[in-house]
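Because only heavy atoms are used, hydrogens play no part in the values below, and waters and symmetry mates are left out as well, while side chains stay in.
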Amino acid sequence: MKKSWWIASTAGALVVAAVVVLIVRELSGGTGANPSPSSGEALAPDRRAVLAVKIDNVAAARPQTGLGAADIVYVEPVEGGLTRLLALYRSRPPSVIGPVRSARATDLGLLAQYGRPALAYSGAAPELLSTLHSASLTNASPSELPNAYFRDETRPSPHNLYLRPHQVPDGEVAPEGAFPSSGAAPESGVPAATAVIRYPAAAFTFTWSPNVGRYLIGLDGSPLTSVEDGQAVAATVVEQRVAVRLGERGETGTVPDSPVAQTVGTGQATVWRNGQRFAATWDRATVQAPTRFKTASGQPLPVSDGPLWILLVPA
């Protein structure tokens, strides 16, 4: 009888211990269910190739994760007057990034200047998929890398897909000069503490903070935040005015006339950095060439060290 009692007691204790371990793992994010970069996910190693991640930007997707660590963020026009983000990481990305959404034709035009980057995206319009797979990039969608993704069940689908960057293969380093050069601001700027850039169904604000030395980013009247860093910031903001054509039928193939921004050519731009505004132009000779910004007088216009936000706005 004593032996049976001891066995039952020991088995019960083991069950309780197992339950405790599972609870601790769940609370610490050990299962990967928590989109926070501090969730226990493996740290992403340094990369040679650029990692580009298509990040959701509607209200249900906020706050995003990993956005504050991006080196460059492109804001792209999409269907319904909304926007979506293409975040570029050039060295060590955070351990979790998302929510991840679908690719667009605009991404292909932008990324060609960065050599052979990896593109993380959730899917694409059927007519765009073949172009994606023939492009000079590493496709890093869930179809190719299912273990690199997980869903946060506390968020509604499809705004709950997250990337584990350490699962994305590395590749070739970006060509020299692919990224905008940084340097001192020219003397042609005028004081401007705030920038407001509008799309038909989205409005971004950038407010210069002398204490932080960055622009605090707002979207639709509220701070734009990232889980790991709080309010998103930019060192340089560029409003790049581009021609837009109507392209594929959105990610599901049912929404017609998805906008495609034309980022090869020349056009007008406005640059904000160090609390100043600069009238500018942009130039990109070929799809493989880098984008360069100049002052209205034709002098090179370098960016400030730190996060660069480039908003592609229909001209």
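Glu76 places no side-chain N or O within 3.5 Å of a backbone atom of Thr106 that could act as its donor or acceptor partner. In this structure, the side chain of Arg62 engages the main chain of Asn57 through a donor-acceptor pair within 3.5 Å. Arg214 contributes no side-chain N or O that, together with a main-chain N or O of Val233, makes up a donor-acceptor pair within less than 3.5 Å. Under the 3.5 Å distance criterion, the side-chain polar atoms of Arg116 are left unmatched by any main-chain donor or acceptor of Val173. Judged by distance alone, the side chain of Asp283 and the main-chain N or O of Arg292 form no donor-acceptor pair under 3.5 Å.
Not less than 6.0 angstrom separates the ring centroid of Phe293 from the ring centroid of Trp282.
Ring-plane geometry between Phe179 and Tyr114 is classed as tilted, the angle between the planes lying from 30 to 60 degrees on a 0 to 90 degree scale.
Taking a cutoff of 4.0 Å between a charged side-chain nitrogen and a carboxylate oxygen, Arg241 and Glu239 qualify as a salt bridge. With respect to Asp107 and Lys54, a salt bridge is recorded, a charged nitrogen being found less than 4.0 Å from a carboxylate O.
A distance of 9.5 Å separates OG1 of Thr205 from CD1 of Ile197, quoted to the nearest 0.5 Å.
Side-chain N/O atoms of Thr286 and Arg284 include no donor and acceptor closer than 3.5 Å. Of the N and O atoms on the side chains of Glu228 and Ser226, at least one donor lies less than 3.5 Å from an acceptor on the other residue. Side chains of Ser258 and Glu79: a donor-acceptor N/O pair is present below 3.5 angstrom, by distance only.
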